[in-house]
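Written below as structure tokens is the structure these notes are about.
Excluded from the calculations below are hydrogen atoms, water molecules and symmetry mates; all remaining heavy atoms, backbone and side chain alike, are included. Bear in mind that the values here come from a model prediction, so they are computed numbers and not experimental data.
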Amino acid sequence: MVISFLFFKPLYLTGIIPDMDSKYNYQQFEQEIYKLWEDGKYFSPDTYDNKGKDTFCIMMPPPNANDPLHIGHAMFIALEDIMIRFNRMKGKDTLWLPGTDHAGIETQFVFEKKLKKKKQSRFDFDRETLFKMIWDYVQENSEVATRQMKKIGASADWDRFKFMLDPEIVKIVLDTFSKLHNEDLIYRSMRLVNYCTRCGTSYSELEVDHEDKNDPLYTFQYGPLQVSTVRPETIFGDVALAVHPDDKRYTKYVGTKIKASFPWGEVELPVVADDYVKMDFGTGVLKITPYHDPNDWEVWQRHIDEVPSPTQVVNTFGKLINVPEEFNNLGIVNARKEVVKQLNDSELMIEEKMNPHSVGTCYRCKRTIEPLPLPQFFIKVKPLVEPILKDLNDGNFTVHGAGHDKILKHWLENLKDWNISRQIVWGIRLPVWYNVDDNPDIQVLFVNKDKETVNGTIGKLLNTYSLEEIKQGLQSLNAPEKAEFRINESEPTNGNWIQESDTFDTWFSSAQWPFTTLQSSDHRDDFSRFYPTQVMETGYDILPFWVMRMLMIGKFATGKLPFTNIYLHGLVRDQKGQKMSKSKGNVINPLEIIEKYSADALRMALVIRSSAGLDKSVAEGDFKAMRNFTNKIWNAARYVHFSLEDDVKGDEKTNKEFIEKLSQVEKDVTKQLTDFKLGLAAETTYNEFWHWYCDICIENTKQGKLSSTLLKEGLTKFLLLLHPFVPYVTEAIWSEVNKESKPLIAQSWPL
RNA sequence: GAACUUGUAGCUCAGUUGGUUAGAGCGCAUCAUUGACAUUGAUGAGGUCAGAGGUUCGAAUCCUCUCAAGUUCACCA
């Protein structure tokens, strides 16, 4: 037996392998290969001779310019790169356009933390200086994200790279705002906004988190009635009491005015009847504070003729204003304590018990959101939403991802008008101008030439300061609700004007990403060539923030949907299915994985068996397994190309079956990729390569059953099929065995 | 209160328009292996596909209900 084994050995072994190590040393190849691709301009659609053919374009979701990459970024890069490489090989005119976002609030928040360490705050600087400081800070870090995306193997066209605050993009964003205004879809109005007194800005509905809290509910005597509230400190802003229309206990009060006396003074308030009031909560009597509670605002709107106009009693710093002297300028917490104390002392307090309820908090800093009346710019969403709902129902675009089409529909049907004003500096300033002579009541806050902060109405301040000095040192302004404004991209020439200090919600500019990027391209026909794009690939968590708004604004601004397919990936979780977080210590750093297991292993582990719209768990072992896979590919290629006897003929049956099966694999993988079943396609290539091609076919050839020529051809096909998933190792092999041909990235897909 | 998603091997998950014996990775057991690859190969254990009912020649897959888990939205004086 030993002898016969030795005898057969030479049949399939020719000895040493000249060019390839027995291990795939990814570290030796990855950088070099990426350079080969970049230098050959293989990421650019202009390199290929297929302009005007079917296009395939993905707009990369722009990461924050100054953020290092996390595993979620690695996920989207892997998925998008697979689609891009597949379609490029299919011969489509393919563009993957990368970029970064200024990420308004996020970035300013991080920057302010840095300032705080230096014992500074944003109130030490005028807005222009602050903007420049943040700009420089972002520039310092802006290389980080792109360098890391390249390491993962992203075959994006870096020559078309865009930054959200590039002047050409900003101009288009401003144009869109003007267009919305011209079509009467913008209004400025005093509304209750979600204001964070820590971050100093308002938020849209979507950016408010709700947290369950247990706070005391106070019940106290309010004239002849008893009222329950968790916010006694807003009592100074009350304009009415409300009861349910069917509540017989209080019928006799409805339509009358009650008098109540408190230690700080007397009030006379109307009693109104409204369905909103719940009879069985507390005493069934609700105090109405329209400027500090959204529900009270609604009640007020329904009874606007019966009740007096409200007064604002909490300001943007969370301090009481327009209140009796002893409460003036108290913070909310202290004011509440003081009111409760006085109610207790005067024996008006009846009960204090704990009440579980949910409180709006700032998604950024977790502080309780203060509902405040502020004049803000809003977009009327209904006319924008309706065409999208129709497109969704008509199937003009497809959402890939576990039921998220239904979620999108729900969002579209229930969307409220969009507050796009943000009181921060890091962003695109609204192109809104107020005439200072016509609006002397505009409140301004600015730093004068002596570095002193000055606060007041512009009419008065102009007696002391020049308009130029105010504008230069401006931190913020607050124009009255009725102030007239003009929308203009540059300062109007006739008269004295001052620009609104608010900036756009970050999502207003990112909503326009699919067309601003192309319209501002150095390549003049990019927009007509690539718009609408084919795929928007992003995380399901930003479906309402971003995807929905891209659909709305994209269709409004260009008349066309910005993309036809939406692929939503899920969260990357740890092996126990938990979210990754620094505090849990279960964060996986993609760059460490690349160091340890290769970029290919990182990509494959994230993508294989992942499913659109569902979360994906990964553990260290998964990366290791995929590293082993790359090594398997390497060694199979090494064997087939350098060790195999060339003249194995094989038998007819095995040869025929091989050809049929290979063709079936090609069909399957192609269909799966076309149908956006990326995780399944990765799994198919993995299984078929390893457990069919290697375990069965190579062994068949060793035994003389399968033709060596066919086996070699099969390897070539598999390198093509595998390339989108594991681009580095396949290219490395290609460069070893096909030295004279174009790189694998530019080869044609087998089908 | 509502919507959506999920429930398949010890763990993490695939499973395409319903179609032979339900798969992979990790883990486990036994064996093999100097010669493409120990980052390997072979074999095996391990599943009443959450449960019940229905449609069908045929159901992990479609329908109804129940149970369990998760996510999101809404409300909360």
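Remark: B:rA32 base-pairs with B:rU40; criterion is Watson-Crick or G-U wobble with both hydrogen-bond distances under 3.5 Å. In a base pair of the Watson-Crick type (N1 to N3 plus N6-O4 or O6-N4) or a G-U wobble (N1-O2 and O6-N3), with each distance short of 3.5 Å, B:rC62 is matched with B:rG54. With a cut-off of 3.5 Å on both Watson-Crick or G-U wobble distances, the partner of B:rG1 is given as B:rC73. Across all strands shown, nothing is found opposite B:rU21 as a Watson-Crick or G-U wobble partner with both distances under 3.5 Å. If you check B:rC67 for Watson-Crick or wobble pairing at under 3.5 angstrom, you find it paired to B:rG7.
Each of A:H569, A:H400, A:H404 was evaluated against A:Y540; a single residue qualifies, A:H404, per the ring pair (Phe, Tyr, Trp, His ring centres under 6.0 Å) test.
Computed from coordinates, the A:N687 CG to B:rC13 P distance equals 18 Å when rounded to whole Å. As a whole-Å value, the separation of A:Y639 OH from B:rU39 C1' is 19 Å. For the pair A:D541 CG and B:rU71 P, the computed distance is 14 Å after rounding to whole Å. As rounded to whole Å, 7 Å separates atom P of B:rC26 from atom CG of A:N628. Note: CG (A:D615) to P (B:rU6) measures 12 Å, nearest angstrom. Rounded to whole Å, the distance from CD on A:E211 to P on B:rU72 is 13 Å. As a whole-Å value, the separation of A:N700 CG from B:rG41 P is 16 Å. If you measure from atom CG of A:L680 to atom C1' of B:rC13, you get 12 Å, rounded to the nearest angstrom.
Out of B:rU40, B:rU39, B:rA14, the shortest distance to the side chain of A:L614 is found at B:rA14. The side chain of A:I407 sits closest to B:rC4 out of B:rA14, B:rC75, B:rC4. Counting only heavy atoms from C-beta on, A:Y276 has its side chain closest to B:rC75 among B:rU40, B:rC75, B:rG25. Side-chain proximity of A:Y686 to B:rC13, B:rG41, B:rG25: nearest is B:rG25. In this structure, the nucleotide among B:rC73, B:rA36, B:rA24 sitting nearest to the side chain of A:E683 is B:rA24. Checking B:rA36, B:rG25, B:rA77 against every side-chain atom of A:F281, the shortest atom distance belongs to B:rA77. Distances from the side chain of A:N295 to the nucleotides B:rC75, B:rA36, B:rG25 place B:rC75 closest.
No hydrogens or angles considered: nothing links the side chains of A:N355 and A:Y218 as a donor-acceptor pair under 3.5 Å. A donor-acceptor contact under 3.5 angstrom links the side chains of A:D695 and A:H691, judged on distance only.
Heavy-atom distances to RNA chain B give each of A:G613 and A:T684 a nearest nucleotide, and the one nearer the 5′ end belongs to A:G613. Residue-to-nucleotide proximity on RNA chain B shows that, of A:H410 and A:T630, the 5′-proximal contact is made by A:T630.
Annotation: cation-pi geometry satisfied between A:K702 and A:Y639 (NZ/CZ under 6.0 angstrom from ring centroid, within 45° of ring axis).
No hydrogens or angles were tested; on distance alone, nothing pairs the side chain of A:K406 with the base of B:rC4 as donor and acceptor under 3.5 Å. Residue-to-nucleotide contacts include a donor-acceptor pair under 3.5 Å from the side chain of A:K702 to the base of B:rA36.
Within 4.0 Å (heavy atoms only), A:K278 reaches at least one base atom of the nucleic acid. Among the heavy atoms of the strands lying under 4.0 Å from A:K23 is at least one base atom, whether or not backbone atoms are also near. Looking at heavy-atom distances under 4.0 Å, A:D695 makes contact with sugar-phosphate atoms alone, never a base. Within 4.0 Å (heavy atoms only), A:H404 reaches no atom of the nucleic acid at all. Looking at heavy-atom distances under 4.0 Å, A:A625 makes contact with sugar-phosphate atoms alone, never a base. Within the nucleic acid shown, A:L217 comes within 4.0 Å of sugar-phosphate atoms alone, with no base atom in reach, counting heavy atoms only. The residue A:V227 sits apart from the nucleic acid: no heavy atom pair falls under 4.0 Å. Residue A:S611 is classed as a sugar-phosphate contact, given heavy-atom separations below 4.0 Å to backbone atoms only.
In this structure, A:F545 has its ring center at least 6.0 angstrom away from the ring center of A:W411.
The separation of B:rG10 from B:rU48, taken at their P atoms, amounts to 8 Å, rounded to a whole angstrom.
Annotation for A:K382: atom NZ does not count as buried by contact number, only 12 or fewer foreign heavy atoms lying within 6.0 Å.
The distance from atom CD of A:Q672 to atom CG of A:L678, rounded to the nearest 0.5 Å, is 10.0 Å.
Taking 4.0 angstrom as the limit, A:W690 places none of its side-chain polar atoms (N or O) nearer than this to OP1 or OP2 of B:rG25.
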